[in-house]
Visitor: 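Attaching a single structure in structure tokens format; questions to follow.
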Number of protein chains: 2
Amino acid sequence: MKCKIHAETIERQMERNWPSGVKKTRQRTEIFQILAAAGKPLTATEIYRLINESREGKPYAFSTIYRCLQTFEAAGMLIRSIAVTDENAMYELRMEQHRHYAICLSCHERFPLRTCFLGDLRQMLPADMDGFEITGHQIEIYGYCPACAQ
Amino acid sequence: MKCKIHAETIERQMERNWPSGVKKTRQRTEIFQILAAAGKPLTATEIYRLINESREGKPYAFSTIYRCLQTFEAAGMLIRSIAVTDENAMYELRMEQHRHYAICLSCHERFPLRTCFLGDLRQMLPADMDGFEITGHQIEIYGYCPACAQ
DNA sequence: TTGGTTGCAAAATGTTTGCATGACC
DNA sequence: GGTCATGCAAACATTTTGCAACCAA
């Protein structure tokens, strides 16, 4: 929101990725914008803070945040995940090309990995799991980022 | 515990993998045995149920389970992780060769993958993340197991 | 014996839900 | 105007913590 250069691309992103079945409300729009502006996974609490600290008047309720995120997830607009090294769910707008992250154990920052190098995931399934229907996967690398490594 | 064939291997596993710094108590021993017998990640609640349903008298407290698991983790005896598709932490005894899982979105069963095919993880780090010190990684495949796929 | 561990209860946290009010289409 | 989303508060589930009693080394 601070960066006007991104403002219209977020608008466009919203137009393109907002299913017609999902009603637009002030709260939902702002949550979407926060996520789009962040460009990385956020927790519900982070979203709550980000959205309410830039507002005067009554803050949006936590239940609203959670319900919107559930709606978005059900509509396929975002992906909910939990990092190995973390406690809480994180929410990230679904991208054309999905991403994985390197996560710093110290500062908890998430650095997007270059690409998903995984070849044929089916290779990794055991022999008797031929019937397993793969719908997704996740890779995480964790350790210490350059800043924290010292 | 039901299977006597495994009984002594669990004993041996305990002897080998129990650091001398960790005091042995009845509770800790039983938690270790539950985990060893399961051979797969369990949640704190699952451990609580498994350990207490095979006991008469007062059940072990939840706080004890959690504190033991923390102790084990700090001692490097087990690994704590959270699945993308799940809410709660799971605890698994550390194996010589680490494992990854295919997780069924329907029944939540976890099927160990054959091997970790990842080559050089460093390839996946972005160029400016050269200083990132990798200490671990996680791969998960999710979808529907043969039984649930229908 | 003594410090670390357990049990209990209460607190902290993250998330969900019921219901009345209010906003979008 | 009707339906669905919101806000509030209370419920819920998981995990953590304080403190006294207890156990293993």
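Every heavy atom of this structure was used, including side-chain atoms; hydrogens, water molecules and symmetry mates were not. Every chain is numbered from 1, with letters handed out A, B, ... down the list of sequences.
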Visitor: Does a side-chain N or O from B:Gln70 land closer than 4.0 Å to OP1 or OP2 of D:dT16, or not?
Guide: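 So the side-chain polar atoms of B:Gln70 do come within 4.0 Å of the phosphate oxygens OP1 or OP2 of D:dT16, strictly under.
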Visitor: Just the atom pairs and distances: protein N or O near nucleotides 9-13 of chain C's N or O, under 3.5 Å.
Guide:
none

Visitor: Report the residues that fulfil ring-ring contact (aromatic ring centres under 6.0 Å, His included) with A:Phe111, sequence neighbours left out, ordered by chain and then residue number.
Guide: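 Expected list: none.
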Visitor: Not counting sequence neighbours, which residues clear salt bridge (Lys or Arg N to Asp or Glu O under 4.0 Å) with B:Lys40? List them please.
Guide: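 B:Lys40 satisfies salt bridge (Lys or Arg N to Asp or Glu O under 4.0 Å) with B:Glu109 only.
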Visitor: Quantified as the angle between the terminal helix axes (five pairs each), what is the overall bend of the helix from C:dT1-D:dA25 to C:dC25-D:dG1 to 10 degrees?
Guide: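 Result, rounded to 10 degrees: 40°.
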Visitor: Whole Å only: how far is the CZ atom of A:Phe62 from the P atom of C:dT17?
Guide: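 That distance rounds to 17 Å.
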Visitor: Does a nitrogen or oxygen in the side chain of A:Tyr66 sit under 4.0 Å from OP1 or OP2 of C:dT15?
Guide: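 Checking A:Tyr66 against C:dT15: at least one side-chain N or O falls below 4.0 Å of OP1 or OP2.
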Visitor: Between C:dT15 atom P and B:Glu87 atom CD, what is the distance in whole Å?
Guide: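 In whole Å, C:dT15 P lies 8 Å from B:Glu87 CD.
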Visitor: Would you sort out whether B:Asn17 and B:Leu93 count as a side chain to side chain contact (heavy atoms under 4.5 Å, CB included), showing the intermediate values?
Guide: CA-CA 9 Å; B:Asn17 297 332; B:Leu93 290 183; over 6 Å; no
Visitor: If I take atom CG in residue B:Leu69 and atom C1' in nucleotide D:dT16, what distance separates them, rounded to the nearest angstrom?
Guide: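 Interatomic distance, CG of B:Leu69 to C1' of D:dT16: 13 Å.
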Visitor: Please identify each residue that fulfils side chain to side chain contact (heavy atoms under 4.5 Å, CB included) with B:Ala61, with sequence neighbours left out.
Guide: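 Here the qualifying residues are B:Ser63, B:Thr64.
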Visitor: So does A:Arg49 have more than 12 non-hydrogen atoms from other groups sitting under 6.0 Å from CZ?
Guide: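 Result for CZ/A:Arg49: open.
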Visitor: Rounded to the nearest angstrom, tell me the gap between atom CZ in A:Arg80 and atom P in C:dT16.
Guide: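 From A:Arg80 CZ to C:dT16 P: 7 Å.
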Visitor: Could you state the OH-C1' distance from B:Tyr48 to D:dT15, rounded to the nearest angstrom?
Guide: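 The answer, rounded to whole Å, is 14 Å.
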Visitor: When the distance from CG of B:Asp86 to C1' of D:dT14 is rounded to whole Å, what number comes out?
Guide: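 These atoms are roughly 13 Å apart.
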Visitor: Give me the distances for all protein-to-nucleotides 22-25 of chain C N/O pairs that come in under 3.5 Å?
Guide:
from	atom 1	to	atom 2	distance (Å)
C:dC24	O3'	A:Lys24	O	3.2
C:dC25	OP1	A:Lys24	N	3.3
C:dC25	OP1	A:Lys24	O	3.4

Visitor: Identify, with sequence neighbours excluded, every residue that meets salt bridge (Lys or Arg N to Asp or Glu O under 4.0 Å) alongside A:Glu87.
Guide: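 In terms of salt bridge (Lys or Arg N to Asp or Glu O under 4.0 Å), with neighbours along the sequence ignored, A:Glu87 is linked to B:Arg80.
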Visitor: Let me know the distance between CZ of A:Arg28 and P of D:dC4, rounded to the nearest Å.
Guide: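 My rounded result for the distance is 11 Å.
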Visitor: Please name all residues satisfying side chain to side chain contact (heavy atoms under 4.5 Å, CB included) with B:Tyr101, sequence neighbours left out, ordered by chain then number.
Guide: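 For B:Tyr101 the side chain to side chain contact (heavy atoms under 4.5 Å, CB included) partners, ignoring immediate neighbours, are B:Pro41, B:Glu92, B:Arg99, B:Ile103, B:Arg110, B:Pro112.
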Visitor: Residues in salt bridge (Lys or Arg N to Asp or Glu O under 4.0 Å) with A:Glu46, at least two apart?
Guide: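 Partners of A:Glu46 under the salt bridge (Lys or Arg N to Asp or Glu O under 4.0 Å) test: none.
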Visitor: Please enumerate all residues that pass ring-ring contact (aromatic ring centres under 6.0 Å, His included) together with B:Tyr60, with sequence neighbours excluded.
Guide: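 Scan of B:Tyr60 (ring-ring contact (aromatic ring centres under 6.0 Å, His included), adjacent residues dropped) gives none.
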Visitor: Nearest whole Å is fine: how far is C:dG7 P from B:Glu30 CD?
Guide: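 Computing the B:Glu30:CD to C:dG7:P distance gives 10 Å.
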Visitor: Show every side chain to side chain donor-acceptor pair (under 3.5 Å) that has at least one partner inside residues 140-150 of chain B, sequence neighbours left out.
Guide: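 Sorted pair list: B:Gln138-B:Glu140.
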Visitor: What residues, two or more places apart in sequence or in another chain, satisfy salt bridge (Lys or Arg N to Asp or Glu O under 4.0 Å) together with B:Arg67?
Guide: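 Once residues adjacent in sequence are excluded, B:Arg67 has no partner under the salt bridge (Lys or Arg N to Asp or Glu O under 4.0 Å) criterion.
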